[in-house]
Amino acid sequence: MGSLSPVHWMIVLVVLVLLFGAKKLPDTAKAVGQSLRILKRETGRIGDEDDAPAARARTAPVSPDAEERLRALEAENARLRAAADAARRDEPEVR
């Protein structure tokens, strides 16, 4: 009842590919990684709630230039996503 052998990992990998498809698997792994990072950050904040006023004093204010760059990057990201979605819709499905 120890750890899984390489054969077991291959079976798990094949099942994942069958369930999610080869194209969706990297996106799913990325989403799981982001979720774990958010969970880690939020659980770390639980212990920091007692030090909240001191933590707020240490944070630097965001400059207007940084906010403008962030808005520009978000707009560019939205434009690229829309273009990618449009390209995906235009591609014929391969079966």
Side-chain angles (χ1 to χ4, degrees):
M1 277 293 183
S3 64
L4 297 176
S5 70
V7 174
H8 292 118
W9 283 112
M10 291 298 292
I11 292 171
V12 168
L13 182 64
V14 168
V15 169
L16 286 174
V17 169
L18 289 175
L19 285 176
F20 296 109
K23 290 184 179 182
K24 298 261 183 185
L25 201 55
D27 294 335
T28 305
K30 181 180 177 183
V32 169
Q34 288 175 342
S35 298
L36 289 175
R37 271 187 249 117
I38 291 170
L39 178 66
K40 183 178 178 183
R41 184 176 56 227
E42 293 299 324
T43 55
R45 287 184 185 173
I46 292 173
D48 294 340
E49 286 179 355
D50 296 333
D51 301 331
R56 272 189 237 123
R58 287 190 303 251
T59 59
V62 177
S63 70
D65 292 338
E67 288 178 2
E68 287 178 30
R69 286 193 307 244
L70 180 60
R71 278 192 218 102
L73 287 173
E74 287 173 345
E76 180 70 11
N77 187 16
R79 186 187 65 77
L80 290 173
R81 285 183 188 265
D85 288 342
R88 257 189 247 121
R89 277 185 254 125
D90 292 342
E91 289 180 3
E93 287 191 30
V94 178
R95 292 188 183 228

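Side chains are part of it too, since the values below use all heavy atoms of this structure and drop only hydrogens, waters and symmetry mates.
Annotation: the span from I38 atom CD1 to T43 atom OG1 amounts to 11.5 Å, rounded to 0.5 Å. If you take CG on D85 and CG on L80, they are separated by 11.0 Å, rounding to the nearest 0.5 Å. For the atom pair R88 CZ and R81 CZ, the distance stands at 9.0 Å (nearest 0.5 Å). Note: L18 CG to L13 CG = 9.5 Å, rounded to the nearest 0.5 Å. Taking CG of D27 as the reference point, atom NZ of K24 lies at 7.0 Å (rounded to 0.5 Å).
In the displayed structure, R41 atom CZ is contacted under 6.0 Å by more than 12 heavy atoms of other residues, nucleotides or ligands.
In the hydrophobic cluster analysis, where Ile, Leu, Val, Met, Phe, Trp and Tyr join through side-chain heavy atoms closer than 4.5 angstrom, V15 is grouped together with V17.
Contact of the M10 side chain with the V7 side chain is not registered, since no non-hydrogen atoms from C-beta on lie closer than 4.5 Å.
A salt bridge does not link E68 with R71: none of the charged nitrogens is closer than 4.0 Å to a carboxylate oxygen.
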